[in-house]
Amino acid sequence: MTNFVEELRWRGMLHDIMPNTEEKLNEGMTSGYIGFDPTADSLHVGHLTQIMTLIHFQNAGHKPYALVGGATGMVGDPSGKSDERNLQTPEMIEHNLKGMKKQLAKFLKFEEGGNGAVMVNNADWFKDMNLFTFIRDVGKHITVNYMMAKDSVKRRLEGDSGLSFTEFCYQLIQGYDFYHLWKNENCLVQMGGSDQWGNIVTGTELIRRKDAGTAYAITTQLIKKADGTKFGKTESGAVWLDPEKTSPYKFYQFWLNASDDDVKKWIRIFTLKNKEEIEALEKEHDAAPHLRILQKALAEDITIKTHSVEALETAIKTSEFLFGNGSLEFLKTLSESQVLEMFEGIPQFNISKSELAEGIDAATLLAEKTAVFSSKGETKKLIQGGGVSVNKEKVADATQVFNTTNLINDKFIVVQKGKKNYFLLTAE
């Protein structure tokens, strides 16, 4: 058994910890949990800190519980939010839960006995509880004064949108989750992001007041980017763990594009590499920052953990194709949807397959049939300067003819202007 709290501490993850929590955990195997609300059918990289916390918890010899909020998902947590969330239907929540359970099973060891992870759904204990039972058995133990003092409540009350009674009750509902798991599963610790501290200690207070019990709390740092932008967001939106929502290539690129300041923090948080391994990588990185050794190590590790070795290989080959000297043969192994996803955000043009079958010279193809170049004159000039490639081969002359035999997967032609400016032509 290892010191879980010390593990979080040296990795820069620890934020708040209730007195005596570390000592309690060091006594022996302890059960603890983190809650995940089903606001979507996939988790995203913003959830990874909590997933990694549970992994470290299990690796330290403790028993992790992952609570999926089938009940709380119908209410919405006001913590860290400036506006009330849209309420979801039971059908939407059930759909989202299935996706989340599948993803969590990739990170945690769910097995019977010992410190095998357990997944629970708070809908199981709330579904038969009526309002009167809840306000009698739970509400009477926590005063309104106590609830109003929470930062998450105060911020919303001071803002323009206010706080609905529905969201105001959230901390009581989450507090009861902790009480239920403490009472029935001997869960002594609740963990979460630092914005959850108020909700978590409401649970410890409910346990103390209702049953004179003792429970513990730990929160982790909220991840911020060095440039001030929000972690886990790109220009196209959230970075999801579901490969259908964010391709493994884009997922890999997200980590690969981390700044030097960010990656030195993130490699401690999002990998299981030990202190010696990380310090050795840092030394290599500092000696040759342009090689992006830390970024590659982080991107490879987390892509394998989230997706697979095969997904990582495809992501690396995609990067090599777009930014290096990758082979055209690789592109031929991809499906139509994978090719389109790979070139998302890159200028694309449709061309007539029947016209292409008759043959089209380079100048006409690139300046008239498509708008890769603004004129035939510009096309000829760039071709003469060796700056135009079609399907990774330099175009030798503006009169060079292209036809359907040049189509990749009987569908695509890849055009490059210089090394990094790509265009995708789709024959239909």
Side-chain angles (χ1 to χ4, degrees), residues 7 10-13 44-46 48-49 51-52 55 221 223-236 239-241 243 246-331 333-334 338 341-346 386-387 389 392 394 414 416-422:
E7 186 76 16
W10 81 258
R11 290 182 182 275
M13 296 172 72
H44 52 72
V45 297
L48 278 174
T49 307
I51 293 172
M52 294 305 297
I55 293 172
Q221 302 277 354
I223 309 302
K224 296 176 183 176
K225 293 177 75 173
D227 64 4
T229 57
K230 191 170 183 180
F231 170 74
K233 294 283 187 182
T234 65
E235 289 180 6
S236 56
V239 179
W240 301 95
L241 306 193
T246 298
S247 70
Y249 162 68
K250 287 184 181 173
F251 185 85
Y252 174 78
Q253 284 293 320
F254 170 78
W255 302 102
L256 195 64
N257 290 329
S259 71
D260 284 354
D261 287 338
D262 286 330
V263 75
K264 288 182 178 182
K265 296 175 185 173
W266 295 358
I267 198 162
R268 285 165 161 73
I269 296 168
F270 299 112
T271 77
L272 296 177
K273 295 182 186 299
N274 63 39
K275 203 170 187 178
E276 291 72 27
E277 288 174 312
I278 290 171
E279 287 174 350
L281 285 168
E282 285 175 334
K283 192 176 286 187
E284 278 187 71
H285 179 92
D286 290 341
H290 64 285
L291 296 178
R292 301 182 73 75
I293 289 166
L294 280 176
Q295 283 89 343
K296 287 176 182 175
L298 170 63
E300 289 176 10
D301 188 286
I302 196 65
T303 301
I304 290 172
K305 196 179 275 97
T306 305
H307 297 295
S308 65
V309 173
E310 293 75 22
L312 171 66
E313 289 172 354
T314 299
I316 291 173
K317 286 178 182 176
T318 301
S319 298
E320 288 172 350
F321 183 89
L322 291 174
F323 306 113
N325 298 309
S327 166
L328 196 67
E329 293 305 308
F330 162 68
L331 205 61
T333 67
L334 302 181
Q338 286 175 315
E341 193 170 66
M342 176 176 165
F343 286 94
E344 186 181 338
I346 287 169
S389 297
K392 289 286 184 178
K394 294 282 186 188
V414 177
Q416 276 173 276
K417 180 167 68 173
K419 285 187 176 180
K420 295 184 178 179
N421 295 310
Y422 281 90

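Excluded from the calculations below are hydrogen atoms, water molecules and symmetry mates; all remaining heavy atoms, backbone and side chain alike, are included. Predicted model only: the values in this text are computed from it and were never measured.
- Residues A315 and Y252 approach most closely at CB-CB, 3.8 Å, considering heavy atoms.
- Contact between F251 and V45 at its shortest, heavy atoms only, is CE1-CG1, 3.6 Å.
- For the pair T49 and M52, the minimum side-chain heavy-atom distance is 4.5 Å or more.
- The ring of F270 has its center closer than 6.0 angstrom to the ring center of F231.
- Heavy atoms only, all atoms of each residue included: I223 and I269 are closest at CD1-CD1, 3.5 Å.
- Here the straight-line distance linking atom CG of L281 with atom CD of Q295 works out to 11.0 Å at 0.5 Å rounding.
- At least one side-chain heavy atom of D260 sits less than 4.5 Å from a side-chain heavy atom of H285.
- Atom CD of E284 and atom CG of L291 lie 9.0 Å apart (nearest 0.5 Å).
- Annotation: the span from E313 atom CD to I304 atom CD1 amounts to 8.5 Å, rounded to 0.5 Å.
- Between I346 and L322, the shortest heavy-atom distance links the atoms CD1-CD2, 4.4 Å.
- Of all non-hydrogen atoms in A258 and R292, the two that sit nearest each other are O-NH2, 2.9 Å.
- The shortest side-chain heavy-atom distance between K392 and V414 does not fall under the 4.5 Å cut-off.
- When every heavy atom of K394 is checked against every heavy atom of S389, the shortest pair comes out as CD-OG, 3.7 Å.
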Point to revise | Evaluation steps, side-chain contact (heavy atoms from CB on, under 4.5 Å), between L256 and K296 | key: CA-CA 6 Å; L256 195 64; K296 287 176 182 175; 3.7 Å; yes
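- Separation of atoms CG (L48) and OG1 (T306) is listed at 5.5 Å; rounding is to 0.5 Å.
- For K305, the NZ atom sits in a packed shell: over 12 heavy atoms of surrounding residues, nucleotides or ligands are nearer than 6.0 Å.
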Review point. Can you check side-chain contact (heavy atoms from CB on, under 4.5 Å) on M342 and Y422, steps first, answer last?
Key: CA-CA 11 Å; M342 176 176 165; Y422 281 90; over 6 Å; no
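- Proximity of a side-chain donor or acceptor of E279 to a complementary backbone N or O of E276 within less than 3.5 Å is not detected.
- At least one side-chain heavy atom of Y249 sits less than 4.5 Å from a side-chain heavy atom of Q253.
- Although no hydrogens or angles enter the test, the distance criterion places a donor-acceptor pair under 3.5 Å between the side chain of D262 and the main chain of A226.
- The environment of K265 atom NZ is sparse: at most 12 non-hydrogen atoms of other residues, nucleotides or ligands sit within 6.0 angstrom.
- To the nearest 0.5 Å, atom CD of residue E300 and atom OG1 of residue T271 are 12.0 Å apart.
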Exercise for review: Check step by step if side-chain contact (heavy atoms from CB on, under 4.5 Å) holds for E329 and T333.
Suggested key: CA-CA 7 Å; E329 293 305 308; T333 67; 5.9 Å; no
Exercise for review: Give the C-alpha distance, both sets of side-chain angles, the deciding distance and a yes or no for side-chain contact (heavy atoms from CB on, under 4.5 Å) between L328 and F321.
Suggested key: CA-CA 8 Å; L328 196 67; F321 183 89; 4.1 Å; yes
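- We find the CG-CG distance between D301 and L312 to be 10.0 Å, quoted to the nearest 0.5 Å.
- Salt-bridge annotation for E7 and R11: present, with a side-chain N of the basic residue lying under 4.0 Å from a carboxylate O of the acidic one.
- Using a 4.5 Å heavy-atom cutoff, the side chains of V263 and W255 are not in contact.
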